[in-house]
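Written out below as C-alpha coordinates is the structure these notes cover.
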Amino acid sequence: MNFIEELQWRGMIHDMTPGLTEQLENEMTTAYVGIDPTADSLHIGHLVSVMMLKHFQVCGHRPIVLIGGATGMIGDPSGKSKERNLLDEQTLQQNQESIKNQLSKFLDFNQNKPNGALMVNNYDWMKEYSFLQFIRDIGKHITVNYMMAKDSVKTRLSAESKEGMSFTEFSYQLVQGTDFLVLFQQHNCKLQMGGSDQWGNIITGTELIRRKLGHDAKAFALTCPLITKADGGKFGKTEEGNIWLDPAKTSPYSFYQFWLNTSDEDAISYIKIFTLLQKEEIDQLIENHRKAPHQRELQKVLAREITIMIHSKEEYELAVDASEILFGKGTTDTLKRLKEDVLLNIFEGVPQSNVSSNDIYKSIPIVDFLTDFTKISSSKREAREFLRNGAISINKERVGEDYMIGENDLLQNRYILAQRGKKNYYLIICDY
RNA sequence: GGGGAGAUACCAGAGUGGUCAAAUGGGGCAGACUGUAAAUCUGUUGGCGAAGCCUUCGGAGGUUCGAAUCCUCCUCCCCCCA
(Lines give C-alpha, C1' and ligand atoms only; values in the text may rest on other atoms or scores of the structure.)
Protein backbone atom coordinates (compact mmCIF):
# COMPACT_ATOMS: atom_id res chain seq x y z
CA MET A 1 0.00 0.00 0.00
CA ASN A 2 1.45 3.36 -0.91
CA PHE A 3 1.51 6.44 1.24
CA ILE A 4 -1.60 8.08 -0.12
CA GLU A 5 -3.65 4.89 0.03
CA GLU A 6 -2.46 4.29 3.54
CA LEU A 7 -3.54 7.72 4.75
CA GLN A 8 -6.71 7.52 2.74
CA TRP A 9 -8.23 4.52 4.46
CA ARG A 10 -7.10 5.86 7.81
CA GLY A 11 -9.10 9.00 7.18
CA MET A 12 -6.05 11.16 7.42
CA ILE A 13 -6.40 13.11 4.23
CA HIS A 14 -8.36 16.30 4.15
CA ASP A 15 -6.95 17.86 1.05
CA MET A 16 -3.97 17.69 -1.26
CA THR A 17 -2.64 19.43 -4.29
CA PRO A 18 -2.99 17.68 -7.66
CA GLY A 19 -0.09 15.65 -8.92
CA LEU A 20 1.11 14.55 -5.53
CA THR A 21 0.30 10.90 -6.08
CA GLU A 22 2.42 10.86 -9.23
CA GLN A 23 5.25 12.69 -7.54
CA LEU A 24 5.38 10.11 -4.76
CA GLU A 25 5.36 7.26 -7.26
CA ASN A 26 8.14 8.77 -9.33
CA GLU A 27 10.80 9.29 -6.73
CA MET A 28 11.70 9.15 -3.10
CA THR A 29 10.28 12.40 -1.89
CA THR A 30 11.10 14.60 1.05
CA ALA A 31 8.30 16.11 3.15
CA TYR A 32 8.14 18.20 6.28
CA VAL A 33 5.81 19.18 9.05
CA GLY A 34 6.32 22.01 11.49
CA ILE A 35 6.27 21.76 15.25
CA ASP A 36 6.38 24.66 17.66
CA PRO A 37 9.03 24.18 20.34
CA THR A 38 6.99 25.89 23.01
CA ALA A 39 7.68 23.17 25.55
CA ASP A 40 10.32 20.52 26.15
CA SER A 41 7.86 17.78 25.33
CA LEU A 42 5.40 16.95 22.63
CA HIS A 43 1.78 16.45 23.54
CA ILE A 44 -0.78 14.28 21.85
CA GLY A 45 -1.93 17.17 19.68
CA HIS A 46 1.35 16.75 17.84
CA LEU A 47 0.79 13.07 17.34
CA VAL A 48 -1.14 13.27 14.08
CA SER A 49 1.62 15.12 12.29
CA VAL A 50 4.14 12.71 13.68
CA MET A 51 2.11 9.73 12.50
CA MET A 52 1.93 11.23 9.03
CA LEU A 53 5.70 11.44 8.97
CA LYS A 54 5.92 7.92 10.32
CA HIS A 55 3.80 6.50 7.53
CA PHE A 56 5.74 8.63 5.10
CA GLN A 57 9.02 7.12 6.19
CA VAL A 58 7.63 3.60 6.30
CA CYS A 59 6.61 4.07 2.68
CA GLY A 60 10.20 4.82 1.80
CA HIS A 61 10.20 8.60 1.73
CA ARG A 62 12.24 11.02 3.76
CA PRO A 63 10.62 13.00 6.59
CA ILE A 64 11.83 16.31 7.95
CA VAL A 65 10.69 17.75 11.24
CA LEU A 66 10.86 21.49 11.24
CA ILE A 67 11.15 23.03 14.66
CA GLY A 68 9.44 26.38 14.49
CA GLY A 69 11.86 28.36 16.56
CA ALA A 70 11.08 31.44 14.49
CA THR A 71 7.44 30.92 13.55
CA GLY A 72 6.69 29.71 17.04
CA MET A 73 7.26 33.14 18.41
CA ILE A 74 4.80 34.75 16.06
CA GLY A 75 1.65 32.65 16.02
CA ASP A 76 -0.60 32.54 13.00
CA PRO A 77 -3.68 34.71 12.74
CA SER A 78 -6.17 31.87 13.14
CA GLY A 79 -6.76 33.21 16.62
CA LYS A 80 -6.34 29.99 18.50
CA SER A 81 -2.78 30.86 19.23
CA LYS A 82 -1.92 34.16 20.78
CA GLU A 83 1.13 36.02 19.68
CA ARG A 84 3.90 34.37 21.53
CA ASN A 85 6.99 35.37 23.32
CA LEU A 86 10.45 34.97 22.08
CA LEU A 87 12.13 31.96 23.57
CA ASP A 88 15.76 32.41 24.38
CA GLU A 89 18.20 30.42 22.35
CA GLN A 90 19.17 28.11 25.16
CA THR A 91 15.61 27.09 25.98
CA LEU A 92 14.97 26.61 22.32
CA GLN A 93 17.98 24.36 22.07
CA GLN A 94 16.91 22.26 25.04
CA ASN A 95 13.34 21.92 23.83
CA GLN A 96 14.55 20.87 20.45
CA GLU A 97 16.77 18.19 21.94
CA SER A 98 14.04 16.64 24.09
CA ILE A 99 11.60 16.75 21.23
CA LYS A 100 14.05 15.01 18.96
CA ASN A 101 14.50 12.41 21.63
CA GLN A 102 10.80 11.72 21.73
CA LEU A 103 10.55 11.64 17.98
CA SER A 104 13.21 9.00 17.65
CA LYS A 105 10.65 6.54 18.98
CA PHE A 106 8.73 7.09 15.79
CA LEU A 107 11.23 8.17 13.21
CA ASP A 108 14.55 6.76 12.18
CA PHE A 109 17.09 9.56 12.25
CA ASN A 110 19.87 7.36 10.94
CA GLN A 111 21.65 9.55 8.41
CA ASN A 112 23.24 6.61 6.69
CA LYS A 113 19.92 5.63 5.24
CA PRO A 114 18.75 7.53 2.20
CA ASN A 115 15.43 8.25 3.85
CA GLY A 116 16.77 8.94 7.34
CA ALA A 117 14.72 11.58 9.10
CA LEU A 118 16.05 15.08 9.53
CA MET A 119 15.41 17.79 12.03
CA VAL A 120 15.85 21.46 11.25
CA ASN A 121 15.03 24.71 12.99
CA ASN A 122 13.77 27.68 11.05
CA TYR A 123 15.29 29.98 13.62
CA ASP A 124 18.62 29.10 12.03
CA TRP A 125 17.79 30.80 8.77
CA MET A 126 15.34 33.38 10.00
CA LYS A 127 17.52 34.89 12.69
CA GLU A 128 19.97 36.34 10.20
CA TYR A 129 17.35 37.47 7.74
CA SER A 130 17.22 41.25 7.66
CA PHE A 131 13.88 42.90 7.28
CA LEU A 132 14.92 44.67 4.13
CA GLN A 133 16.25 41.50 2.61
CA PHE A 134 13.08 39.69 3.57
CA ILE A 135 10.66 42.10 1.97
CA ARG A 136 12.78 42.22 -1.17
CA ASP A 137 13.35 38.46 -1.49
CA ILE A 138 10.03 37.20 -0.30
CA GLY A 139 7.50 40.00 0.02
CA LYS A 140 7.93 41.01 -3.59
CA HIS A 141 6.58 37.74 -4.86
CA ILE A 142 3.33 37.59 -2.98
CA THR A 143 0.66 40.25 -3.26
CA VAL A 144 -1.24 41.58 -0.32
CA ASN A 145 -4.41 40.77 -2.22
CA TYR A 146 -3.37 37.14 -2.27
CA MET A 147 -2.55 37.15 1.39
CA MET A 148 -5.82 38.77 2.35
CA ALA A 149 -7.80 36.12 0.57
CA LYS A 150 -6.71 33.52 3.12
CA ASP A 151 -9.45 32.49 5.49
CA SER A 152 -7.37 33.02 8.58
CA VAL A 153 -6.77 36.60 7.53
CA LYS A 154 -10.24 37.25 6.19
CA THR A 155 -11.89 36.31 9.46
CA ARG A 156 -9.69 38.67 11.36
CA LEU A 157 -10.46 41.54 9.00
CA SER A 158 -14.18 40.96 8.89
CA ALA A 159 -16.61 43.17 10.74
CA GLU A 160 -17.56 40.41 13.14
CA SER A 161 -14.04 40.05 14.38
CA LYS A 162 -13.55 41.94 17.57
CA GLU A 163 -9.84 41.62 17.31
CA GLY A 164 -7.55 43.47 15.04
CA MET A 165 -4.61 41.75 13.50
CA SER A 166 -1.07 42.92 13.89
CA PHE A 167 1.27 43.17 10.96
CA THR A 168 3.32 40.44 12.55
CA GLU A 169 0.46 37.98 12.43
CA PHE A 170 -0.36 39.06 8.92
CA SER A 171 3.17 38.27 7.78
CA TYR A 172 3.04 34.84 9.35
CA GLN A 173 2.19 33.07 6.12
CA LEU A 174 5.19 34.62 4.44
CA VAL A 175 7.51 33.42 7.14
CA GLN A 176 6.09 29.92 6.90
CA GLY A 177 6.26 30.11 3.13
CA THR A 178 9.91 31.03 3.42
CA ASP A 179 10.52 27.87 5.40
CA PHE A 180 9.12 25.79 2.60
CA LEU A 181 11.22 27.67 0.07
CA VAL A 182 14.39 27.18 2.07
CA LEU A 183 13.74 23.48 2.59
CA PHE A 184 12.92 23.11 -1.07
CA GLN A 185 16.22 24.64 -2.05
CA GLN A 186 18.41 23.09 0.63
CA HIS A 187 16.90 19.63 0.98
CA ASN A 188 14.88 19.18 -2.16
CA CYS A 189 11.82 19.06 0.08
CA LYS A 190 8.76 19.07 -2.14
CA LEU A 191 5.90 18.48 0.23
CA GLN A 192 4.57 20.15 3.32
CA MET A 193 2.02 18.38 5.47
CA GLY A 194 -0.05 19.63 8.37
CA GLY A 195 -3.50 20.03 9.83
CA SER A 196 -6.23 21.36 7.58
CA ASP A 197 -5.98 24.74 9.30
CA GLN A 198 -2.54 25.00 7.77
CA TRP A 199 -3.74 24.69 4.19
CA GLY A 200 -3.59 28.40 3.47
CA ASN A 201 -0.11 28.77 4.89
CA ILE A 202 1.18 25.75 3.01
CA ILE A 203 -0.25 26.98 -0.26
CA THR A 204 1.46 30.32 0.20
CA GLY A 205 4.65 28.28 0.37
CA THR A 206 4.02 26.32 -2.83
CA GLU A 207 2.99 29.54 -4.51
CA LEU A 208 6.13 31.33 -3.36
CA ILE A 209 8.27 28.50 -4.65
CA ARG A 210 6.57 28.59 -8.02
CA ARG A 211 6.75 32.35 -8.41
CA LYS A 212 10.32 32.60 -7.27
CA LEU A 213 11.83 29.56 -8.90
CA GLY A 214 9.63 29.13 -11.92
CA HIS A 215 7.16 26.55 -13.17
CA ASP A 216 9.60 23.67 -13.02
CA ALA A 217 9.81 24.02 -9.30
CA LYS A 218 6.80 22.07 -8.20
CA ALA A 219 5.91 21.80 -4.54
CA PHE A 220 2.94 20.05 -2.96
CA ALA A 221 0.63 20.27 0.00
CA LEU A 222 -1.20 17.63 1.97
CA THR A 223 -3.40 18.25 4.98
CA CYS A 224 -5.18 15.99 7.39
CA PRO A 225 -8.48 16.73 9.10
CA LEU A 226 -8.22 18.34 12.48
CA ILE A 227 -8.82 15.87 15.26
CA THR A 228 -12.19 16.53 16.78
CA LYS A 229 -14.30 15.01 19.46
CA ALA A 230 -17.83 13.92 18.79
CA ASP A 231 -19.07 16.09 21.62
CA GLY A 232 -17.40 19.14 20.14
CA GLY A 233 -14.82 19.50 22.87
CA LYS A 234 -11.18 20.11 22.28
CA PHE A 235 -9.09 17.06 21.59
CA GLY A 236 -6.24 16.27 23.91
CA LYS A 237 -7.17 18.51 26.77
CA THR A 238 -8.17 17.45 30.22
CA GLU A 239 -8.76 19.21 33.48
CA GLU A 240 -5.03 19.14 34.09
CA GLY A 241 -4.25 20.49 30.65
CA ASN A 242 -2.35 18.84 27.86
CA ILE A 243 -1.61 15.16 27.64
CA TRP A 244 2.14 15.08 27.29
CA LEU A 245 4.34 12.35 25.94
CA ASP A 246 6.87 13.00 28.67
CA PRO A 247 6.11 10.57 31.54
CA ALA A 248 7.27 13.20 34.02
CA LYS A 249 4.54 15.53 32.80
CA THR A 250 1.76 13.01 32.23
CA SER A 251 2.19 9.69 33.96
CA PRO A 252 1.76 6.56 31.87
CA TYR A 253 -1.26 5.74 34.01
CA SER A 254 -3.00 9.03 33.20
CA PHE A 255 -1.93 8.66 29.62
CA TYR A 256 -3.50 5.23 29.42
CA GLN A 257 -6.63 6.48 31.14
CA PHE A 258 -6.99 9.30 28.67
CA TRP A 259 -7.22 6.96 25.73
CA LEU A 260 -9.34 4.44 27.55
CA ASN A 261 -11.92 7.14 28.14
CA THR A 262 -12.32 7.88 24.45
CA SER A 263 -15.95 7.97 23.40
CA ASP A 264 -17.35 5.17 21.21
CA GLU A 265 -17.53 7.34 18.17
CA ASP A 266 -14.11 8.92 18.50
CA ALA A 267 -12.42 5.60 19.15
CA ILE A 268 -13.30 4.48 15.64
CA SER A 269 -11.40 7.30 14.01
CA TYR A 270 -8.62 7.45 16.57
CA ILE A 271 -7.61 3.84 16.20
CA LYS A 272 -6.92 4.44 12.54
CA ILE A 273 -5.01 7.62 13.11
CA PHE A 274 -2.98 6.86 16.18
CA THR A 275 -2.07 3.20 15.84
CA LEU A 276 -0.10 1.32 13.24
CA LEU A 277 -2.45 -1.66 13.23
CA GLN A 278 -3.28 -2.98 9.81
CA LYS A 279 -6.56 -2.48 8.02
CA GLU A 280 -7.90 -6.02 8.45
CA GLU A 281 -7.33 -6.00 12.17
CA ILE A 282 -8.87 -2.59 12.62
CA ASP A 283 -11.91 -3.47 10.52
CA GLN A 284 -12.46 -6.50 12.71
CA LEU A 285 -12.09 -4.46 15.87
CA ILE A 286 -14.54 -1.86 14.68
CA GLU A 287 -17.06 -4.50 13.76
CA ASN A 288 -16.84 -6.05 17.23
CA HIS A 289 -17.05 -2.59 18.72
CA ARG A 290 -20.30 -1.88 16.91
CA LYS A 291 -21.82 -5.15 18.13
CA ALA A 292 -20.72 -4.82 21.72
CA PRO A 293 -19.75 -1.28 22.55
CA HIS A 294 -20.09 -1.86 26.27
CA GLN A 295 -17.11 -4.23 26.17
CA ARG A 296 -14.99 -1.23 25.19
CA GLU A 297 -12.64 -3.49 23.34
CA LEU A 298 -11.75 -0.75 20.91
CA GLN A 299 -10.83 1.71 23.62
CA LYS A 300 -8.72 -0.91 25.33
CA VAL A 301 -6.77 -1.73 22.20
CA LEU A 302 -6.39 1.93 21.38
CA ALA A 303 -5.05 2.72 24.82
CA ARG A 304 -2.81 -0.33 24.75
CA GLU A 305 -1.24 0.39 21.39
CA ILE A 306 -0.53 4.03 22.06
CA THR A 307 0.72 3.53 25.59
CA ILE A 308 3.14 0.86 24.45
CA MET A 309 4.26 2.96 21.54
CA ILE A 310 4.90 6.07 23.63
CA HIS A 311 6.02 4.46 26.87
CA SER A 312 6.65 0.73 27.08
CA LYS A 313 5.04 -2.65 27.55
CA GLU A 314 5.91 -2.60 31.26
CA GLU A 315 4.38 0.82 31.82
CA TYR A 316 1.30 -0.29 29.96
CA GLU A 317 0.87 -3.34 32.15
CA LEU A 318 1.24 -1.31 35.30
CA ALA A 319 -1.34 1.13 34.05
CA VAL A 320 -3.76 -1.73 33.39
CA ASP A 321 -3.16 -3.18 36.85
CA ALA A 322 -3.75 0.17 38.45
CA SER A 323 -6.94 0.70 36.47
CA GLU A 324 -8.12 -2.76 37.39
CA ILE A 325 -7.75 -2.03 41.10
CA LEU A 326 -9.14 1.47 40.94
CA PHE A 327 -12.10 0.82 38.72
CA GLY A 328 -12.60 -2.91 38.92
CA LYS A 329 -14.40 -4.64 41.69
CA GLY A 330 -11.69 -3.63 44.11
CA THR A 331 -12.97 -3.16 47.63
CA THR A 332 -11.43 -1.90 50.80
CA ASP A 333 -10.41 -5.47 51.54
CA THR A 334 -8.44 -6.03 48.37
CA LEU A 335 -6.88 -2.66 48.90
CA LYS A 336 -5.75 -3.64 52.37
CA ARG A 337 -4.25 -6.86 51.11
CA LEU A 338 -2.01 -5.13 48.56
CA LYS A 339 1.66 -5.34 49.24
CA GLU A 340 3.50 -2.09 49.67
CA ASP A 341 5.58 -2.26 46.48
CA VAL A 342 2.56 -3.19 44.40
CA LEU A 343 0.58 -0.39 45.91
CA LEU A 344 3.32 2.15 45.24
CA ASN A 345 3.79 0.96 41.69
CA ILE A 346 0.14 1.15 40.93
CA PHE A 347 -0.27 4.59 42.34
CA GLU A 348 2.86 5.99 40.83
CA GLY A 349 0.83 7.98 38.42
CA VAL A 350 -1.74 9.46 40.78
CA PRO A 351 -1.11 12.72 42.59
CA GLN A 352 0.50 12.22 45.94
CA SER A 353 0.84 14.29 49.07
CA ASN A 354 2.43 13.84 52.45
CA VAL A 355 1.01 14.16 55.91
CA SER A 356 2.89 13.80 59.16
CA SER A 357 2.10 10.87 61.43
CA ASN A 358 1.51 13.23 64.34
CA ASP A 359 -1.40 14.83 62.60
CA ILE A 360 -2.88 11.49 61.61
CA TYR A 361 -2.66 10.12 65.15
CA LYS A 362 -4.37 13.25 66.42
CA SER A 363 -7.12 12.78 63.83
CA ILE A 364 -7.87 15.30 61.13
CA PRO A 365 -11.36 16.55 60.27
CA ILE A 366 -12.10 15.46 56.72
CA VAL A 367 -12.68 19.02 55.50
CA ASP A 368 -9.23 20.14 56.63
CA PHE A 369 -7.75 16.96 55.27
CA LEU A 370 -9.13 17.69 51.80
CA THR A 371 -8.01 21.29 51.66
CA ASP A 372 -5.09 21.97 53.97
CA PHE A 373 -3.32 18.63 54.00
CA THR A 374 -3.90 17.66 50.40
CA LYS A 375 -4.97 19.49 47.29
CA ILE A 376 -8.07 17.46 46.71
CA SER A 377 -10.28 20.51 47.01
CA SER A 378 -9.28 24.12 46.66
CA SER A 379 -11.40 25.54 49.47
CA LYS A 380 -13.31 24.35 52.46
CA ARG A 381 -16.54 25.43 50.91
CA GLU A 382 -15.77 23.21 47.95
CA ALA A 383 -14.71 20.37 50.24
CA ARG A 384 -18.07 20.49 52.00
CA GLU A 385 -19.83 20.54 48.68
CA PHE A 386 -17.99 17.41 47.60
CA LEU A 387 -18.78 15.67 50.86
CA ARG A 388 -22.43 16.62 50.69
CA ASN A 389 -22.63 15.25 47.15
CA GLY A 390 -21.06 12.00 48.23
CA ALA A 391 -18.09 12.59 45.98
CA ILE A 392 -15.37 11.73 48.47
CA SER A 393 -14.23 8.25 49.36
CA ILE A 394 -11.43 7.20 51.65
CA ASN A 395 -9.97 3.80 50.84
CA LYS A 396 -12.92 3.15 48.57
CA GLU A 397 -15.53 3.93 51.21
CA ARG A 398 -17.71 6.97 50.90
CA VAL A 399 -17.42 9.39 53.79
CA GLY A 400 -19.49 12.31 55.05
CA GLU A 401 -18.82 15.78 56.41
CA ASP A 402 -18.10 14.71 59.95
CA TYR A 403 -15.60 12.04 59.14
CA MET A 404 -12.27 12.15 60.94
CA ILE A 405 -9.09 10.84 59.35
CA GLY A 406 -7.15 8.74 61.84
CA GLU A 407 -4.65 5.93 62.10
CA ASN A 408 -7.31 3.36 61.30
CA ASP A 409 -7.40 4.71 57.79
CA LEU A 410 -3.79 3.87 57.08
CA LEU A 411 -3.08 1.08 54.62
CA GLN A 412 0.19 -0.72 55.32
CA ASN A 413 0.42 1.67 58.21
CA ARG A 414 1.48 4.41 55.80
CA TYR A 415 -0.94 5.12 53.00
CA ILE A 416 -4.36 6.55 52.48
CA LEU A 417 -6.21 6.32 49.20
CA ALA A 418 -8.56 9.24 48.72
CA GLN A 419 -10.94 9.59 45.84
CA ARG A 420 -12.94 12.48 44.46
CA GLY A 421 -15.69 11.41 42.14
CA LYS A 422 -15.19 8.22 40.24
CA LYS A 423 -12.02 8.99 38.43
CA ASN A 424 -9.80 11.16 40.55
CA TYR A 425 -7.50 9.38 42.92
CA TYR A 426 -4.99 10.73 45.41
CA LEU A 427 -2.44 8.85 47.42
CA ILE A 428 -1.54 10.29 50.79
CA ILE A 429 1.68 9.14 52.36
CA CYS A 430 2.15 9.36 56.07
CA ASP A 431 5.59 10.56 57.14
CA TYR A 432 7.14 9.31 60.33
C1' G B 1 -5.39 63.89 14.69
C1' G B 2 -11.18 63.67 14.72
C1' G B 3 -15.66 60.85 15.81
C1' G B 4 -18.06 56.50 17.84
C1' A B 5 -18.40 52.00 20.84
C1' G B 6 -16.32 49.19 24.71
C1' A B 7 -13.45 46.79 29.21
C1' U B 8 -18.27 42.77 34.37
C1' A B 9 -16.58 36.02 37.42
C1' C B 10 -13.40 30.35 33.27
C1' C B 11 -15.83 32.27 28.47
C1' A B 12 -19.96 34.82 26.30
C1' G B 13 -23.14 38.35 28.16
C1' A B 14 -27.20 41.15 31.39
C1' G B 15 -27.04 44.68 35.12
C1' U B 16 -26.89 51.86 34.99
C1' G B 17 -27.16 54.49 43.06
C1' G B 18 -29.20 50.42 47.82
C1' U B 19 -33.29 44.31 47.39
C1' C B 20 -25.82 42.58 43.67
C1' A B 21 -21.23 37.83 45.38
C1' A B 22 -23.84 40.19 40.61
C1' A B 23 -29.49 37.54 35.83
C1' U B 24 -28.99 34.11 31.62
C1' G B 25 -26.29 30.73 28.43
C1' G B 26 -21.95 27.85 27.62
C1' G B 27 -18.03 25.47 29.95
C1' G B 28 -16.09 23.08 34.57
C1' C B 29 -16.91 19.94 38.88
C1' A B 30 -20.02 16.46 41.47
C1' G B 31 -24.51 13.03 42.13
C1' A B 32 -28.23 9.53 39.74
C1' C B 33 -28.51 6.26 35.43
C1' U B 34 -24.50 3.42 32.73
C1' G B 35 -19.91 0.65 30.15
C1' U B 36 -14.47 4.44 34.22
C1' A B 37 -19.34 5.89 27.74
C1' A B 38 -23.00 9.11 25.11
C1' A B 39 -27.70 11.31 26.01
C1' U B 40 -30.73 12.83 30.05
C1' C B 41 -32.01 14.59 34.92
C1' U B 42 -30.23 16.97 39.65
C1' G B 43 -26.89 19.86 42.52
C1' U B 44 -22.85 23.23 42.43
C1' U B 45 -19.39 26.91 40.36
C1' G B 46 -15.07 34.12 44.97
C1' G B 47 -12.99 33.16 50.26
C1' C B 48 -13.72 32.10 55.56
C1' G B 49 -17.46 30.72 59.11
C1' A B 50 -23.33 28.34 62.35
C1' A B 51 -26.09 33.06 61.47
C1' G B 52 -22.68 36.40 59.57
C1' C B 53 -18.30 38.52 57.77
C1' C B 54 -14.22 39.53 54.13
C1' U B 55 -12.28 40.50 49.02
C1' U B 56 -14.30 41.20 43.75
C1' C B 57 -17.23 44.28 38.08
C1' G B 58 -9.86 47.42 33.46
C1' G B 59 -6.48 50.97 37.06
C1' A B 60 -6.15 55.33 40.38
C1' G B 61 -8.74 59.02 42.78
C1' G B 62 -13.54 61.55 44.00
C1' U B 63 -19.10 62.42 45.01
C1' U B 64 -22.57 59.78 48.45
C1' C B 65 -25.07 57.35 54.58
C1' G B 66 -24.34 53.76 50.42
C1' A B 67 -21.13 52.72 43.82
C1' A B 68 -20.38 47.39 39.07
C1' U B 69 -23.77 51.63 38.41
C1' C B 70 -22.46 58.95 39.00
C1' C B 71 -17.80 62.39 38.23
C1' U B 72 -12.30 63.07 37.01
C1' C B 73 -7.81 61.21 35.24
C1' C B 74 -5.14 57.01 33.27
C1' U B 75 -4.41 52.21 30.63
C1' C B 76 -5.99 48.84 27.02
C1' C B 77 -9.18 47.16 22.90
C1' C B 78 -12.48 47.65 18.51
C1' C B 79 -14.94 50.44 14.45
C1' C B 80 -15.31 54.71 11.17
C1' C B 81 -13.06 59.24 9.05
C1' A B 82 -8.47 61.99 7.87
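Only heavy atoms go into these numbers, but all of them, side chains included; no hydrogens, no water, no symmetry mates.
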I need the [atom1]-[atom2] distance between [X] and [N], as an integer number of Å.
X        : N     : atom1 : atom2 : result
A:Glu385 : B:U42 : CD    : C1'   : 13 Å
A:Asn424 : B:G31 : CG    : C1'   : 14 Å
A:Leu387 : B:U44 : CG    : P     : 16 Å
A:Arg381 : B:G43 : CZ    : C1'   : 12 Å
A:Ile376 : B:A30 : CD1   : P     : 13 Å

Residues A:Arg290, A:Asp264: salt bridge by 4.0 Å N-O rule =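 So A:Arg290 does not pair with A:Asp264 through a salt bridge.
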
Whether A:Glu382 side chain and A:Ser378 backbone form a donor-acceptor pair below 3.5 Å =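 Present.
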
Partner nucleotide of [N] by Watson-Crick or wobble geometry (both distances under 3.5 Å):
N     : value
B:U75 : B:A7
B:A68 : none
B:A30 : B:U42
B:U63 : none
B:A23 : none

Between A:Tyr253 and A:Phe347, does the ring centre distance come in under 6.0 Å?
->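 They do not qualify: ring centres at least 6.0 Å apart.
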
Please check if the distance between the ring centroids of A:Phe327 and A:Tyr425 is under 6.0 Å.
->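 Yes, the ring centres sit under 6.0 Å apart.
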
How far, in whole Å, is [M] from [N] if one measures between their [atom1] atoms?
N     : M     : atom1 : answer
B:C81 : B:U16 : P     : 33 Å
B:U45 : B:A38 : C1'   : 24 Å
B:A67 : B:G1  : C1'   : 35 Å
B:U36 : B:G31 : P     : 14 Å
B:U64 : B:A5  : P     : 29 Å
B:G58 : B:G15 : P     : 15 Å
B:A7  : B:G59 : P     : 13 Å
B:G13 : B:A23 : C1'   : 10 Å

Residue that, paired with A:Phe274, satisfies ring pair (Phe, Tyr, Trp, His ring centres under 6.0 Å) out of A:Trp259, A:Phe258, A:Phe106 |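 For A:Phe274, the ring pair (Phe, Tyr, Trp, His ring centres under 6.0 Å) check succeeds only for A:Trp259.
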
Atom pairs, N/O to N/O, protein against nucleotides 53-55 of chain B, distance under 3.5 Å?
none

Hey, what do you get for [atom1] ([X]) to [atom2] ([Y]), rounding to the nearest 0.5 Å?
X        : Y        : atom1 : atom2 : answer
A:Ile416 : A:Leu427 : CD1   : CG    : 9.0 Å
A:Phe255 : A:Tyr316 : CZ    : OH    : 13.5 Å
A:Asn413 : A:Glu407 : CG    : CD    : 8.0 Å

Whether A:His43 and A:Trp244 hold their rings parallel, tilted or perpendicular, with breakpoints at 30° and 60° |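 The rings of A:His43 and A:Trp244 stand perpendicular, inter-plane angle above 60°.
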
Under 3.5 Å, which N/O atoms of the protein pair with N/O atoms of nucleotides 32-36 of chain B?
residue: B:A32; atom: OP1; partner: A:Arg398; partner atom: NH2; Å: 3.4
residue: B:U34; atom: O4; partner: A:Lys422; partner atom: NZ; Å: 2.2
residue: B:G35; atom: O6; partner: A:Asp264; partner atom: OD2; Å: 3.2
residue: B:G35; atom: N1; partner: A:Asp264; partner atom: OD1; Å: 3.1
residue: B:G35; atom: N1; partner: A:Asp264; partner atom: OD2; Å: 2.9
residue: B:G35; atom: N2; partner: A:Asp264; partner atom: OD1; Å: 2.7
residue: B:G35; atom: N2; partner: A:Gln299; partner atom: NE2; Å: 3.4
residue: B:U36; atom: O2'; partner: A:Asn261; partner atom: OD1; Å: 3.0
residue: B:U36; atom: O2; partner: A:Gln257; partner atom: OE1; Å: 3.0
residue: B:U36; atom: N3; partner: A:Gln257; partner atom: OE1; Å: 2.9
residue: B:U36; atom: N3; partner: A:Gln257; partner atom: NE2; Å: 3.2
residue: B:U36; atom: O4; partner: A:Gln257; partner atom: NE2; Å: 3.2

Assign each of A:Glu382 and A:Gly390 to its nearest nucleotide of RNA chain B by heavy atoms, then name whichever residue's nucleotide is nearer the 5' end.
->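 By nearest-heavy-atom nucleotide position, the 5'-most residue is A:Gly390.
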
Verify the contact: side-chain N or O of A:Arg420 to OP1 or OP2 of B:A30, cut-off strictly under 4.0 Å; return yes or no.
->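 For B:A30, OP1 or OP2 has a side-chain N or O of A:Arg420 closer than 4.0 Å.
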
Between A:Gln198 and A:Gln176, is any side-chain donor less than 3.5 angstrom from a side-chain acceptor?
->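 A pair is found: one side chain offers a donor N or O, the other an acceptor, under 3.5 Å apart.
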
